[in-house]
Amino acid sequence: MVTAIFPAAGSSVRMGGGVNKNLLELAGEPILIRTLKTFSQVGRVNFLIVVVAAHEVAAVEGLLSATAGLKPWRVTVGGSERQYSIANGLKLLPDDAEIILVHDAARPLISARTIDDVIDAAERFGGAIAAVPSKDTIKIVDADGFVKSTPPRSELVAVQTPQGFKREILLQAYAQAAADKFLGTDDASLVERLGARVKVVASSYDNIKITTPEDLGVAETLLRSENK
Ligand code: CTP
Ligand code: MG
């Protein structure tokens with residue numbers, strides 16, 4: 001079975017700070033709730049672990065308790081970096097979790113289809129990430145702001161979540177990163193360090209991460225066009 005971990009313990013600095021962006025309303029419901037409902041629609045997902053800041057645990061437990069239709073869940077406390085938040089979430093893994101998904105709570109437009117595709121690929125290859133072809137040309141730059149090189153765009157993908165892994169692989173990757181004091185920007189980067197394969201799964205450009213205030217408007221627009 002599949003357990004999904006939702007990091008939601010950030011400081012939301014780019015959103016303006018102060019409140020957890022994952023609790024802001026999007027089309028009438030909190031972002032976190034929309035995200036959890038979509039994962040709850042996927043048959044193989046049978047457990048949800050939500051990671052929030054210590055002072056939010058009780059309120060988020062209340063919110064989830066009041067929400068119908070969620071798969072069984074637990075709420076736990078995050079850390080100072082996304083990676084530490086997920087490491088805390090991993091401590092609550094149920095014994096039957098063979099595949100672990102990690103998904104930013106702040107990506108509420110994720111589709112059940114992409115979740116299913118990532119699970120399939122994680123089962124087959126051990127690791128899988130949702131991604132889209134890069135629309136932009138990406139440059140490698142030096143510390144002084146000069147271009148060093150231009151990797152061919154055809155080889156670049158913009159990586160999203162969910163990222164899914166077989167249990168042993170992800171646990172080993174997190175243990176090794178902790179031992180090496182390695183801090184990565186996504187979960188796959190920890191797994192790549194082990195030399196394990198990670199399959200890229202085609203996702204949608206709609207699966208944006210709510211990061212700045214403008215993203216709320218963009219997400220509302222995308223939702224309206226999806227519901228047409
Ligand atoms: N996150 C987390 N623990 C952290 C940092 C981030 O659980 N220490 C979560 C965020 O809550 C978010 C996801 O990881 O759901 C992706 O991070 P990001 O979009 O960067 O959110 P924030 O870190 O909150 O935003 P910012 O970087 O603007 O402060
Ligand atoms: Mg952040």
Side-chain angles (χ1 to χ4, degrees), residues 3-27 29-40 45 47-61 63-64 67 70 73-93 100-111 114-115 118 129-132 158-165 170 173-174 177-178 181-191 203-220 222:
T3 286
I5 301 179
F6 301 90
S11 321
S12 306
V13 170
R14 286 169 289 176
M15 186 55 76
V19 294
N20 185 342
K21 63 185 177 181
N22 295 296
L23 302 177
L24 296 177
E25 296 227 333
L26 173 69
E29 69 182 346
I31 288 169
L32 171 66
I33 295 297
R34 176 175 291 276
T35 302
L36 297 180
K37 280 184 175 172
T38 303
F39 276 78
S40 295
V45 174
F47 198 65
L48 314 174
I49 298 172
V50 179
V51 189
V52 297
H55 70 276
E56 294 170 335
V57 170
V60 170
E61 284 176 342
L63 177 65
L64 269 55
T67 304
L70 297 182
W73 51 263
R74 290 274 304 274
V75 178
T76 191
V77 177
S80 57
E81 299 285 347
R82 181 182 179 279
Q83 186 174 316
Y84 304 149
S85 294
I86 294 158
N88 274 352
L90 287 170
K91 294 178 190 157
L92 295 183
L93 276 187
I100 303 159
L101 299 179
V102 179
H103 182 74
D104 293 323
R107 291 187 190 269
L109 302 190
I110 183 64
S111 68
T114 298
I115 298 167
V118 170
I129 56 177
V132 287
V159 169
Q160 308 171 342
T161 64
Q163 303 197 346
F165 307 91
L170 190 64
Y174 266 79
K181 296 192 168 32
F182 174 82
L183 203 54
T185 52
D186 72 345
D187 304 282
S189 61
L190 311 193
V191 170
S203 180
S204 161
Y205 288 102
D206 286 6
N207 182 26
I208 61 168
K209 182 161 65 67
I210 308 289
T211 305
T212 62
E214 303 79 65
D215 293 331
L216 286 167
V218 174
E220 300 248 3
L222 289 169

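Counting starts at 1 for both ligands and their atoms, following the listed order. It should be emphasised that the depicted structure is a prediction, and the values quoted were computed from it without experimental measurement.
Among T38, L222, T35, I31, the single residue meeting the side-chain contact (heavy atoms from CB on, under 4.5 Å) criterion with L109 is L222.
Partners of R82 by salt bridge (Lys or Arg N to Asp or Glu O under 4.0 Å), not counting sequence neighbours, listed by chain and number: D104, D187. Among residues two or more places apart in sequence or in another chain, the salt bridge (Lys or Arg N to Asp or Glu O under 4.0 Å) test is passed with E25 by none. A search for ring pair (Phe, Tyr, Trp, His ring centres under 6.0 Å) contacts involving F39 returns F6, H103, not counting sequence neighbours.
With 3.5 Å as the limit, one finds a donor-acceptor pair spanning the side chains of S189 and D186.
Side chains of L170 and V102 form a contact here, defined as non-hydrogen atoms less than 4.5 Å apart.
Within 4.0 Å of ligand 1, protein heavy atoms belong to P7, A8, A9, G10, S11, S12, V13, R14, K21, N22, G79, S80, E81, R82, S85, D104, A105, A106, K209, listed by chain and number.
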